[in-house]
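Working notes for the structure below.
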Amino acid sequence: MDAPPAPLETDASILSFAEATSTSRTVNGVRLHAVTAGDADDPLVVLLHGFPEFWYAWREQIEPLVEAGYRVVVPDQRGYNLSEKPQDVRAYQLRDLSRDIVDLIASEGRETAHVVGHDWGGAVGWDLALRYPDVVDRLAIINAPHPVAFRQQLASNPEQLRRSWYVLAFQLPWLPEGLCRVGDFRLLERALRETASPGTFAEAELAHYRRAWGREGALTGMLNWYRALARYPPDAPRDPLEQPTVVVWGEEDEALVPELGLASVQFCERGRLERLPETSHWVPHEEPERTTDLLLDHLR
């Protein structure tokens with residue numbers, strides 16, 4: 001009788017880039033899994049994923065950044081994949097998510113790093129740069145609005161309010177988790193496939209995502225990011241960002257109006273906007289080479 005297939009892994013072993021390894025770091029009281037690569041003495045770049053992904057979202061950028069001379073650290077943020085998943089919604093306040101990254105940078109023996117974030121990873125990047133400005137050297141944000149710009153759009157733009165309906169739905173207890181599990185995570189799979197250009201997410205890649213979503217406590221941990229945002233609004237400073245910042249904006253984003261790209265850059269003293277008119281929310285997946293080139297140009 002044939003042996004059952006081995007479960008899919010979701011650590012660094014799924015990469016063809018042999019230099020990348022998985023590590024476990026206890027930071028800010030939680031254990032984070034992270035994929036690391038590159039010389040420990042090279043400039044540090046931290047890549048932050050969003051919902052409903054995990055470190056794997058940045059797989060196309062890791063090797064090129066290392067080859068360009070950077071040390072790369074890509075965590076599973078708390079609640080995701082192989083990282084610890086606190087049960088209390090309070091544990092997912094943005095200030096704690098940012099503190100995780102401060103301590104992660106310190107665990108590399110560094111005081112500063114370049115920070116790159118997409119989606120919720122971008123929200124952490126904004127908060128980190130505002131709350132701990134001395135820790136962020138250069139900031140790159142992909143389809144994640146500056147918090148003030150987002151609040152302004154919610155208050156003045158009915159279209160943005162309509163697009164944010166799912167945030168309210170995620171506030172419900174238990175039901176969102178149950179719906180996400182139906183049909184082997186069909187809802188989450190559709191959230192990726194049906195809001196991206198056709199063919200962006202291959203079945204082999206989605207198999208890794210399903211494995212990550214299926215880990216005990218992962219769905220609740222992921223959704224608790226949204227619940228904590230509503231229950232414990234962020235209190236970071238709202239001063240203009242001083243760090244050199246690039247905002248990359250896929251303008252076919254179904255969840256965020258295109259006006260948010262320009263509105264976000266206006267809160268940066270040294271910011272620039274890179275518009276991608278025919279690209280969806282999933283910029284690193286649809287345009288991996290373009291994403292890498294923009295990051296390398298900005299970090300240099």
Side-chain angles (χ1 to χ4, degrees), residues 12 15-21 34-50 53-75 77 101 104-105 108-126 128-129 133 135-146 196-197 200 205 241-253 261-262 264-265 268-300:
L15 292 177
S16 59
F17 184 41
E19 189 174 336
T21 59
V35 171
T36 63
D39 193 295
D41 294 327
D42 285 342
L44 178 61
V45 180
V46 178
L47 304 174
L48 302 176
H49 68 83
E53 303 193 85
F54 63 108
W55 70 264
Y56 187 63
W58 295 107
R59 65 194 178 280
E60 298 288 352
Q61 282 70 49
I62 295 172
E63 184 173 359
L65 285 169
V66 170
E67 291 179 347
Y70 294 98
R71 167 73 170 174
V72 180
V73 175
V74 197
Q77 300 200 74
I101 308 309
L104 182 66
I105 291 169
E108 285 283 311
R110 311 295 184 93
E111 295 182 354
T112 65
H114 303 306
V115 176
V116 180
H118 170 248
D119 186 78
W120 260 112
V124 174
W126 286 118
L128 182 67
V135 172
V136 179
D137 189 349
R138 289 175 178 263
L139 180 67
I141 300 292
I142 303 176
N143 281 70
H146 184 281
S197 296
T200 297
E205 297 162 0
L241 264 70
E242 297 180 357
Q243 301 92 334
T245 302
V246 62
V247 175
V248 181
W249 206 266
E251 297 195 323
E252 293 299 314
D253 192 321
L262 179 58
S264 296
V265 166
C268 306
E269 291 187 355
R270 290 186 287 171
R272 65 185 177 93
L273 174 65
E274 291 286 346
R275 291 187 174 98
L276 303 182
E278 298 181 359
T279 308
S280 78
H281 179 80
W282 309 106
V283 173
H285 301 273
E286 288 187 24
E287 297 287 350
E289 293 182 3
R290 178 67 171 147
T291 299
T292 300
D293 289 345
L294 287 170
L295 293 180
L296 288 175
D297 179 66
H298 181 60
L299 298 181
R300 281 194 291 262

TODO: Could you pull out all residues at least two apart from Glu251 that satisfy salt bridge (Lys or Arg N to Asp or Glu O under 4.0 Å)?
DONE: Arg275
- [ ] Side-chain contact test, heavy atoms from C-beta onward, threshold under 4.5 Å: evaluate it for Asn143 versus Trp249 and give yes or no.
- [x] yes
Open item on the list: Tell me every residue that passes ring pair (Phe, Tyr, Trp, His ring centres under 6.0 Å) with Trp120, counting only those two or more places apart in sequence or in another chain.
Closed with: Trp225, Tyr226
TODO: Determine the minimum heavy-atom distance between Ala57 and Pro284, stating which atoms define it.
DONE: O-CB, 4.3 Å
Task: Which residues share a salt bridge (Lys or Arg N to Asp or Glu O under 4.0 Å) with Arg270, sequence neighbours left out - done: none
Task: Straight-line distance of Leu104 CG to Leu44 CG, nearest 0.5 Å - done: 8.0 Å
Task: His146: partners by ring pair (Phe, Tyr, Trp, His ring centres under 6.0 Å), with sequence neighbours left out - done: Trp126, Phe267
TODO: Can you establish whether the number of heavy atoms outside Glu67 located under 6.0 Å from its atom CD is more than 12?
DONE: yes
Task: Partners passing salt bridge (Lys or Arg N to Asp or Glu O under 4.0 Å) against Arg110 (at least two apart in sequence or in another chain) - done: none
Task: Sequence-distant partners of Trp282, ring pair (Phe, Tyr, Trp, His ring centres under 6.0 Å), two or more places apart - done: His118, Phe201
- [ ] Report the C-alpha distance between Trp58 and Val116 in whole Å, list the side-chain angles of each, state the deciding distance to 0.1 Å, and finish with yes or no for side-chain contact (heavy atoms from CB on, under 4.5 Å).
- [x] CA-CA 10 Å; Trp58 295 107; Val116 180; 3.7 Å; yes
Task: Shortest non-hydrogen separation from Leu48 to Pro75 and the atoms involved - done: CD2-CG, 3.8 Å
